[in-house]
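Take a look at the structure set out below.
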Amino acid sequence: MAGFDRIELIVADITTLDVDVVVNAANSALAGGGGVDGAIHRAAGPRLGTACRALGGCPTGESRLTPGFDLNARWIVHTVGPVWQGGLGGEAELLAACYLSAIRLAAAQRARSVAFPAISCGVYGYPVDRAAEVALATVSAALEELPRMERVLHVCHGVGVFAAYQRALSGLKESP
Ligand code: APR
């Protein structure tokens, strides 16, 4: 099955979803924070903070695994997106590395379903149109090599983010 066919775009709170893996947009200290990171820590409960502290941080573009604790999801993959600096600091490559390392780590746990937030598109300031293109191109290419992965949800927190993802998905489907 082609990568596109397993990608879904939804507007939702990622902490409510019934998936094997929820991806978190974390910081390099894995110290918790605001945005989706704060929401995931609140929903997963205090054991998540303890588990994150034991990991000793995570460089930008890489991913780390914890249990999902009080989430419905069995696992949380914490990935650290780049801070937007105008686009000339390797942000696109680092963002692609986040999606690729996260989906590979999820697949290594035999996950069939993964939910991604719009990594770097909040506090870290990455323009959502550009980020959506990187996210969808990276995930659809990765899915070609992950036949057991059944569903990848791109969870949009708001209709503006959803519209950006829809435009990016249409563009990707039309590209040769
Ligand atoms: N469900 C899904 N998406 C959410 C949720 C939620 N509950 N809450 C926020 N979002 C969305 C935001 O609207 C944005 O589109 O997640 C996207 C990523 O925004 P941030 O959470 O701000 O993440 P990021 O830009 O990667 O910044 C990471 O923020 O909270 C800190 O500790 C985190 O320092 C790190 C930085």
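For ligands, and for the atoms within them, numbers begin at 1 and follow the listed sequence. When reading the values below, keep in mind they use all heavy atoms of this one structure, side chains included, and skip hydrogens, waters and symmetry mates.
- Note: no N/O pair closer than 3.5 Å links Ile119 and ligand 1 by distance alone.
- No side-chain heavy atom of Asp20 sits less than 4.5 Å from a side-chain heavy atom of Gln109.
- Closest protein heavy atom to atom 26 (O) of ligand 1: Ser120 N, 2.8 Å.
- Not a single heavy atom of Cys156 lies less than 4.0 angstrom from ligand 1.
- In terms of protein heavy-atom proximity, atom 35 (C) of ligand 1 is nearest to Tyr124 OH, 3.5 Å.
- With hydrogens and angles ignored, the 3.5 Å screen pairs a side-chain donor or acceptor of Ser101 with a backbone N or O of Cys98.
- For ligand 1, the polar-atom distance check finds an N/O of Val123 within less than 3.5 Å of one of the ligand's N/O atoms.
- Within the 4.5 Å cutoff, side-chain heavy atoms of Pro59 are placed close to those of Arg64.
- Taking any N or O of Ala118, backbone or side chain, none lies under 3.5 Å from an N or O belonging to ligand 1.
- Of the protein's non-hydrogen atoms, Asp13 OD1, 2.9 Å is the one closest to atom 7 (N) of ligand 1.
- For Gly81, the closest heavy-atom approach to ligand 1 does not fall below 4.0 Å.
- Inter-residue side-chain proximity for Val36 and Asn24 is flagged as met; some heavy-atom pair is nearer than 4.5 Å.
- No side-chain heavy atom of Val139 sits under 4.5 Å from any side-chain heavy atom of Arg6.
- The N/O atoms of Ala39, backbone and side chain alike, include none that comes under 3.5 Å of an N/O atom in ligand 1.
- In terms of protein heavy-atom proximity, atom 1 (N) of ligand 1 is closest to Ile14 N, 3.0 Å.
- Considering backbone and side-chain atoms together, Thr15 places no N or O closer than 3.5 Å to any N or O of ligand 1.
- Distances from atom 20 (P) of ligand 1 to the heavy atoms of Ala115, Gly32, Gly122, Ala131 show the closest one on Gly122.
- His157 CB, 3.7 Å is the protein heavy atom nearest to atom 11 (C) of ligand 1.
- In terms of N/O distances under 3.5 Å, ligand 1 is approached by Val36.
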